[in-house]
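Structure first, then comments.
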Amino acid sequence: MGYYIVRGGRTIGGEFAVRGSKNAALPILAACILAEDEVVLENCPHIRDVSLTLEILQELGCKAEFSGRTLTIDSRSLSKTEIGRDTVRKMRSSILFLGALLGRTGKAVLGHPGGCAIGKRPIDLHLRAFEKMGVVVRERDDLLDCEAPHILGYDIYLDFPSVGATENILLLAARAEGATVIHNAAKEPEIVALAQFLRACGAEIYGEGTSDIMVEGVRKLHGAYFTIPADRIEAGTFLCAAAMTGGEICLKGPEREQLEAFERAIERTGCRLEWESCGPCLRLRPPKRLSSGFTLATGPFPCFPTDLQPLIMSLLTLAEGTCMISETVFEARFSHSAELCRMGADIRIDGRNATICGVKRLHGAEVSGKDLRGGAALLAAALAAEGESIVHGSQFVERGYEQIEKAFASLGGDIRLAE
Ligand code: UD1
């Protein structure tokens, strides 16, 4: 397991091309199973979760080949419908193979995804919807054994607009018999990307990006050529790191409507964001001193994204004033706060609420990231802190960022990865 050595105090700034979105790429990779043909995906990020997903595809008998950032998947040779518990435990999004395998073969056996560092993360919404669509779910020895000779469209209401459940239902419904309507569906941009991809493969989907998505099942899907959109969470990460270190940064690739809630929050700290039409490109100009004095709540899109909560918390540790963050999506997503306090931050946690009193400076320390975004938040803090920090947990950070240490170093940071 690796760790980062960071000498803080240098500004992070310059130009950076945002990579392809992890959370868009993962469901699209699972969806490749539904397209019984060759799929070409451009702008695919080289991150550990993508590698793990490719291992699953290969384990199932599919062919997958990377060339630069172009990924070619051929699922015609699919020969298995079972994914072991160890693989599923490594990456929660492997649950999306349930919908994809059932949609293609009517069968799927998967290890139970279990819990994870940011909360309980059950899959009841996925399974309840599947059962309504004709899937028989048996649980044995910590395995989900699912079968459905006939998958039928259904009118589904989600109690919560779960991203994963919406994606899984979309995958299953794309090849079901008849129409499926998902009410209270998730509206995240990654849902839109998945629907666009499935449509490029011949699926009939309407209303993605709204609360009601309609899917008219088709018998077969074909291959497609598709470009993975830029990662809005990676964009937010680099904007926070730049703002905390007083650097001006210009990001290429992010889409404005995907970052509106984040943009509103970071502008309240005194940063100026400018969208330039060429690229498109987003420029951040930080103030002399960041300020706070507001409240923030995470929530399903278009609210502030929970994945950027650790990053904005990291930024607010250096903002003058007091800010309160409510985490409404995941019940245990503050593990980074205790580590930030070891660097001199002043944060109090009370259940799902965090109160952050800004300090003038952070100091270097030995800290541990315990999940992907929490780890990135600690790196941003370490880059802004005085002195040297050791940040453990590169195995989490690498799940969703492509060589983040090289990216920060290219923007002026003094950071390296040690094994
Ligand atoms: C996805 C993202 C993750 C992001 C999250 C919320 C991927 C690979 N991951 O995760 O980065 O933080 O959306 O934007 O895209 N829930 C249930 N029952 C269910 C499903 C979910 O109670 O069956 C709850 C979860 O415990 C959680 C909330 O709903 O509290 C949100 O989960 P969900 O939207 O499903 O997140 P993921 O798809 O797991």
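It should be emphasised that the depicted structure is a prediction, and the values quoted were computed from it without experimental measurement. Order of appearance sets the numbers: ligands from 1, and atoms from 1 within every ligand. FYI, side chains are in, hydrogens and waters are out, and symmetry mates aren't considered; it's all heavy atoms of this structure.
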Test salt bridge (Lys or Arg N to Asp or Glu O under 4.0 Å) applied to Arg232 and Glu255, Glu257, Glu190, the passing residue: Glu190
Proximity of His46 and Phe66 rings by center, below 6.0 Å: yes
Ligand 1 contacted by His126 (non-hydrogen, < 4.0 Å): yes
Per-residue contact class, Asp124 against ligand 1 - non-hydrogen pairs under 4.0 Å: both
Check: Lys22 N/O within less than 3.5 Å of ligand 1 N/O: no
Option set Ala129, Ser162, Pro161, criterion heavy-atom distance to atom 21 (C) of ligand 1, minimum: Ser162
Ligand 1 to Gly164 polar contact by distance, N or O atoms, under 3.5 Å: yes
Nitrogen or oxygen of Val329 less than 3.5 angstrom from that of ligand 1: yes
Test of proximity, Leu125 against ligand 1: N or O pairs below 3.5 Å: yes
Side chain, backbone, both or neither: the part of Arg333 lying under 4.0 Å from ligand 1 by heavy atom: side chain
Element-labelled atoms of ligand 1 that are located less than 4.0 Å from some non-hydrogen atom of Ile123: 19 (C), 23 (O)
Location of contacts on Thr306 toward ligand 1, heavy atoms closer than 4.0 Å: side chain
Heavy atoms of other groups near Lys220 NZ, more than 12 under 6.0 Å: no
Residue Asp155 excluded, over 12 heavy atoms near CG under 6.0 Å: yes
Minimum non-hydrogen distance to atom 20 (C) of ligand 1, winning option of Pro300, Pro305, Gly400, Pro122: Pro122
Polar proximity ligand 1 side, Asp307 side, N/O cut 3.5 Å exclusive: yes
Asn168 and His126: side chain donor to acceptor below 3.5 Å: yes
Test ring pair (Phe, Tyr, Trp, His ring centres under 6.0 Å) applied to Phe408 - qualifying residues, sequence neighbours left out: Phe238
Within 6.0 angstrom of Glu274 CD, more than 12 heavy atoms from elsewhere: yes
Asn23 neighbourhood, listing ligand 1 atoms whose heavy-atom distance to it stays under 4.0 Å: 2 (C), 3 (C), 7 (C), 8 (C), 9 (N), 11 (O), 15 (O)
Sequence neighbours excluded, every pair satisfying ring-ring contact (aromatic ring centres under 6.0 Å, His included) that has a member inside residues 164-185: none
Heavy atoms of other groups near Arg76 CZ, more than 12 under 6.0 Å: yes
